[in-house]
Every structure is written in structure tokens, then in C-alpha cells.
Amino acid sequence: MIDGTAGVSGRRDADEALLDNPEALAEHDPGGMLRHTASAGAQVRESAALAAEANLAVLADDGRPRAVVIAGIGTAGRTGDVLATVAGPRCPVPIIGHRSAGVPGWVGAADVVIAVSASGRSPEALGAAEAAHRRGARLVAVGAPDSQLQSIAEQARAPFIPVPRRAPARASLWALTVPVLLAARSLGLVKVNEADLAETAARLDADADRCRSAAESFVNPAKSLALALAGSIPIVWGSSPLATVAARRFGDTLSANARYPVVTGALGEAGRGRVGLLDGVFGGLAEGERDIFADPAEEDGEGTRLRLVLLRDGGLNAEDDTDEPLAVEERRADAVQTLAERRGVRCDVVTAEGGSALERLASLIAVPDFASIYLALAHGLDPMAVPAITEMKELSNQ
């Protein structure tokens, strides 16, 4: 173990053996991030039950909105991305994510604002809720019970879905997302039924079991992915809009949990420029200069390489009204894998499974979520406590 500046401690090189020692994993995870992440299926069930008690049906009284604004930041903001991709291109109204205080200037009585905050006190969600109330927009609030956000919702006589605060926001994605989806369902914007929620929860439970700490690395997909990424610069690309949401989520967790720099985005966008990273100093250029007889332990950072993670969706069927034909997405994914192979850049592939868009998204998020935690633990980092986040809040609030 080494100590860096500002009290940061950990190890630069990943300890592979630690990942197969459940007792050591528990010791290095005092906040229980593995346990919180394993609760994803339970979060789906609990949030669905809480949303059912919130009388979301009143949202439909004024008919279809002109637009829906999802106000929140961080993981709360990601819920808007999930809603947009689950609603798909056939959604009859625009779904717009808003990650700053207040709401867009055009928001008015014809619109719906969904304010989301795990703590119930983020300035972005509070400002949006207050602005929506002032302008006469329909409001839905999602957040911690007995919070400032709940108070604003009560003043506005708006539906409020309480999300019990049991984990950091980044480990509460599903608790925050399900109420947003069900609010949109009440507005007639998405077709998410109880069977979809049950299958998604079951998928998350199954992946949590596969990724449990007692499962050894060679059978645990999350530990295997973490070890593959150790010491690399990850690039995570999604083959479809749905897979791109999962890719960006993986970037969030790799940065916050494992403190790894990461490039994320859509594979289609990557093909217009960022795919050139495979040719660069951490990609094909570095591989071409590598001494195959050199001891990797002696390279001391000079051996840093790109590691490509490709999230492939595949879609439900070729007849879906998607932005691009399924065949185009599949050919593009095959092409980038070939490019990576030719340049010596290793590639890991996570393929979506499931019968609904929500379940497929869950299948692309679950294993990477666990992988980011295992990567942190392998480096001796506490995945829950992020000193830089705490310090930045303190400095910003002075």
C-alpha cells in the first residue's frame, strides 16, 4: 500500500489475489458497495411498489405533455437517459435531460418536469422543482423521504415518490430510475409493464449472484472484466442508443469507484473520429514499439495500453423502428473489433440479453457495475469513500 497526497491511499498495481479472498474484499469494502450493488433487483421491486402508492395516474388528467424534462445531476441525471432510450424513437414527445439548476426557459404549463435527487437536496433538482411550480408545469419528484424535495412537491401538490436512502446515489440507479419510468408510463410515453419490471429485477438478481464476492475470478464475469481493465486506459463504446447509455454508466462508475480515466460514447460517433485512438500512442503505435520479450513489471507505466470494452445490444428484432437498421449496428461492431485486433488492442464484449429494452439495459449495466467496484478493491481503494468528491464539495461551499 502507498499513500498519496491529500490522504489518498491504495496501490498503483492491482492485487489480483485479493479478488479471490472474500474476507479481504469485505475488509476493503467497509461501506458495503458490493452489497448495495447487489440490491439492484430489490431496488426495482421496492421502487415499483412505492411508485404505485404515489397516485401517478393524476399526471394523465391534463393529457399528453408537450415535453418531459428530467432534472437532476450525476446518477439522477442518468435516469433521463434511461427513459429516453426505453421510450425509443417512437416516443410522441421529446424527453430532455437537464443537469443544471432551474429549467429551460421554454418550460411552461404544457410540460412535465420530473425532479430527481437521491438525497432530496441537490440544487439542480430543487431549483427545477421550484421553477416548475412557479411556471405551472406538472411536477413529479423522486428522492429521499422527509427531504427538501418532498416539501416542494407537497407545496405544489405534486406526486412524490420516496426513495429510501440506503446507499450512495451511484449505487441507487434502479431505485431512482423505476419511478421515472412509471411516471412516464402514466403519461402514455413508455410501455413498461409489471412483467418487464419483474424480469428486469430477476435479471439483476441473477447477475448479482454470478458476480458475488465468493465466486472466483475465472467464473465471475465482473472480476474477470476488472482484471482485464487493470492498468489500462478503458474505452467503452455502445453499439446502439441503449448500449450507449450503459457505456456512459460504466464510465461514471469506473471514474467514481475505481478512479480510472475512461472514454465512453456511441460506436457510431466513434467511427467519425474517436476510433483513431486505436492508432495512437496508447494503441497501435505503442503496440508496434513494444518489446515482446520485455518484463511487463519493468515497464513502470510505459506499458499502459488501451482496453476496449464493447457493449453490444443487437435489438429485439430487425423490425423495430430504430434510428439505424440493426444490420448497420452489427457490422459497425464487428468492424471495430477487427480494427482493435489488427492494432493489438484487446477487446472485451458484453452482449445484451432479455426480452424487453429495460431488461436488456440491465444486462449491460449489472456486470460492469460490479467490475468497477472490484477494480477499486484490487487497487486498495474504498469504492464508497471518494476523498476528492468530499473535498470538492467543501471547497465549493466555502
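Position 1 is the first residue of the sequence; numbering continues from there.
Every pair passing salt bridge (charged side-chain N to carboxylate O under 4.0 Å, His left out) that includes a residue from residues 185-203 is listed here, sequence neighbours excluded: R185-E194, R203-E353, R203-E359. Within the structure, salt bridge (charged side-chain N to carboxylate O under 4.0 Å, His left out) pairs that include any residue of residues 104-133 comprise R66-D111 (at least two apart or interchain). Listed by first then second residue, pairs satisfying ring-ring contact (aromatic ring centres under 6.0 Å, His included) with a partner in residues 238-277 read Y260-H379, not counting sequence neighbours. Contacts classified as salt bridge (charged side-chain N to carboxylate O under 4.0 Å, His left out) and involving residues 20-36 (residues at least two apart or in different chains) are given here: D20-K223.
Between L59 and R138 the shortest heavy-atom distance is O-NH1, 2.5 Å. Closest heavy-atom contact between G41 and D205: CA-OD1, 3.5 Å.
Other residues, nucleotides and ligands contribute more than 12 heavy atoms inside 6.0 Å of the CZ atom of R99. Surrounding CZ of R165 are more than 12 heavy atoms belonging to other residues, nucleotides or ligands, all under 6.0 Å away.
Through side-chain heavy atoms spaced under 4.5 Å, either directly or across other Ile, Leu, Val, Met, Phe, Trp or Tyr residues, I73 is tied to no other residue. The other residues sharing a hydrophobic cluster with I389 are V386, where clustering joins ILVMFWY side chains under 4.5 Å apart.
Taking the side chain to side chain contact (heavy atoms under 4.5 Å, CB included) definition, one finds that A222 meets it with C211, N220, V367, F370, A371, Y374, sequence neighbours left out. Legend: residues meeting side-chain hydrogen bond (donor to acceptor under 3.5 Å, both in side chains) with D252, ordered by chain and number and at least two apart, are R78. When the side chain to side chain contact (heavy atoms under 4.5 Å, CB included) test is applied to L50, the partners found at least two apart in sequence or on another chain are E46, E53, I161, P162, P164. When the side chain to side chain contact (heavy atoms under 4.5 Å, CB included) test is applied to T79, the partners found at least two apart in sequence or on another chain are I70, V116, L176, T177, V180. Residues passing the side chain to side chain contact (heavy atoms under 4.5 Å, CB included) test with R346, sequence neighbours excluded: R307.
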Please set out all donor-acceptor pairs under 3.5 angstrom arising from side-chain atoms of residues 150-160, sequence neighbours excluded.
residue: Q150; atom: OE1; partner: D146; partner atom: N; Å: 2.5
residue: Q150; atom: NE2; partner: E154; partner atom: OE2; Å: 3.2
residue: S151; atom: OG; partner: S147; partner atom: O; Å: 3.4

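No donor-acceptor distance shorter than 3.5 angstrom exists from the side chain of R249 to the backbone of G251, with no hydrogens or angles considered. Judged by distance alone, with hydrogens and angles left aside, the side-chain atoms of H133 form no donor-acceptor pair with the main-chain N or O of A129 at under 3.5 Å. Proximity of a side-chain donor or acceptor of T85 to a complementary backbone N or O of V82 within less than 3.5 Å is not detected. With hydrogens and angles disregarded, a donor-acceptor distance shorter than 3.5 Å links the side chain of S224 to the backbone of S217. With hydrogens and angles ignored, the 3.5 Å screen pairs no side-chain donor or acceptor of R312 with any backbone N or O of A243. No donor-acceptor distance shorter than 3.5 angstrom exists from the side chain of S122 to the backbone of S117, with no hydrogens or angles considered. Remark: side-chain polar atoms of S372 are paired, donor with acceptor, to backbone N or O of D369 under 3.5 angstrom.
For the pair L308/W237, a side-chain contact is recorded, criterion being any heavy-atom separation below 4.5 Å from C-beta on. Residues V93 and L187 form no side-chain contact, since every pair of their non-hydrogen atoms from C-beta on lies 4.5 Å or further apart.
In this structure, a donor-acceptor pair under 3.5 Å is absent between the side chains of S47 and Q43.
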